[in-house]
Trainee: 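So that we are looking at the same thing, I have put the structure below in structure tokens.
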Amino acid sequence: MVDLVDGRPYVRELHITTEPGDPSITGEHLRTIRLTDLITANLPPDAPITPAEATRLRALGPTPETITAVATVYRAALRAGQPPTKTVRETFGISQSTAGNWIARARSADCVAPYSPRP
């Protein structure tokens with residue numbers, strides 16, 4: 001179970017089971033689990049960012065509140081199959097480089113999963 005506390009995700013509960021006949025869970029298996037992926041996949045649904053809210057946050061610059069909103073927009077775009085950086089850029093009316101910078105800050109704050117290129 002993942003909860004958001006002050007805009008940050010926290011894992012409250014994690015259950016790992018194996019199928020009957022599968023080998024037991026080992027430390028090696030546990031080390032392959034990427035918590036950021038589990039967190040992103042299990043966050044509560046993202047609330048939309050209104051244009052007025054996006055304008056207000058853009059004016060504030062990259063504050064913690066803005067970066068949390070950027071992460072919300074980024075995750076929502078991923079779930080919708082949309083290009084996340086472009087969606088952040090268009091939602092907040094910022095340049096491509098600013099969008100990339102704000103997304104990097106969201107990643108550093110563990111609000112967005114680390115980048116992994118598509119296969």
Side-chain angles (χ1 to χ4, degrees):
M1 173 186 288
V2 178
D3 291 330
L4 286 177
V5 177
D6 296 326
R8 291 188 53 106
Y10 288 90
V11 176
R12 298 282 183 211
E13 191 175 320
L14 178 64
H15 293 276
I16 301 172
T17 59
T18 63
E19 295 294 321
D22 284 349
S24 62
I25 299 168
T26 66
E28 184 178 345
H29 292 119
L30 292 174
R31 284 188 293 278
T32 66
I33 296 171
R34 294 177 50 167
L35 280 181
T36 53
D37 291 344
L38 291 175
I39 289 169
T40 301
N42 290 289
L43 283 172
D46 293 321
I49 302 294
T50 65
E53 182 70 358
T55 299
R56 182 183 77 77
L57 292 169
R58 180 182 64 237
L60 292 176
T63 64
E65 180 184 11
T66 302
I67 297 308
T68 299
V70 165
T72 297
V73 170
Y74 186 95
R75 289 190 308 267
L78 283 177
R79 288 185 182 140
Q82 300 298 315
T85 303
K86 178 181 178 187
T87 303
V88 167
R89 179 175 53 81
E90 291 175 351
T91 298
F92 292 95
I94 55 180
S95 70
Q96 184 75 14
S97 62
T98 299
N101 178 280
W102 288 8
I103 291 165
R105 288 174 184 242
R107 224 176 246 121
S108 293
D110 290 330
C111 294
V112 172
Y115 174 76
S116 60
R118 294 181 182 170

Trainee: Roughly how far, to the nearest 0.5 Å, is CG of Leu57 from CD1 of Ile94?
Mentor: 10.5 Å

Trainee: Given 3.5 Å as the limit, does a donor-acceptor pair link the side chain of Thr66 with the main chain of Gly61, or not?
Mentor: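 Here the side-chain-to-backbone pair exists.
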
Trainee: If you measure from CZ on Arg56 to CD on Glu65, what distance do you get to the nearest 0.5 Å?
Mentor: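 Answer for the CZ-CD pair, Arg56 versus Glu65, is 4.0 Å.
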
Trainee: Answer yes or no: is there a side-chain heavy-atom contact under 4.5 Å between Trp102 and Ile67?
Mentor: yes

Trainee: Sub-3.5 Å donor-acceptor pair from the side chain of Arg75 to the main-chain atoms of Ala113, do we have one?
Mentor: no

Trainee: Do you know the tightest heavy-atom contact between Pro84 and Ala77?
Mentor: CA-CB, 3.7 Å

Trainee: Considering only NZ, NE, NH1 and NH2 on the basic side and carboxylate oxygens on the acidic side, decide whether Arg31 and Glu28 come within less than 4.0 Å.
Mentor: no

Trainee: Distance-only, no hydrogens or angles: does the Thr91 side chain make a donor-acceptor pair with backbone N or O of Val88 under 3.5 Å?
Mentor: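 Flag not set: sc Thr91 to bb Val88 has no pair under 3.5 Å.
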
Trainee: Is any side-chain heavy atom of Val73 less than 4.5 Å from a side-chain heavy atom of Phe92?
Mentor: yes

Trainee: Checking the side chain of Arg89 only, and the main-chain atoms of Gln96 only, is there a donor and an acceptor separated by less than 3.5 Å?
Mentor: no

Trainee: Taking atom OG1 of Thr98 and atom CD1 of Ile103, what is their separation to the nearest 0.5 Å?
Mentor: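 One gets 10.5 Å once the value is rounded to the nearest 0.5 Å.
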
Trainee: Within the structure provided, determine whether Leu78 and Val112 are in side-chain contact (heavy-atom separation under 4.5 Å).
Mentor: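 Answer no - side chains too far apart.
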
Trainee: Is the side chain of Thr85 donor-acceptor paired with the backbone N or O of Gly100 at a distance under 3.5 Å, no angle test?
Mentor: no

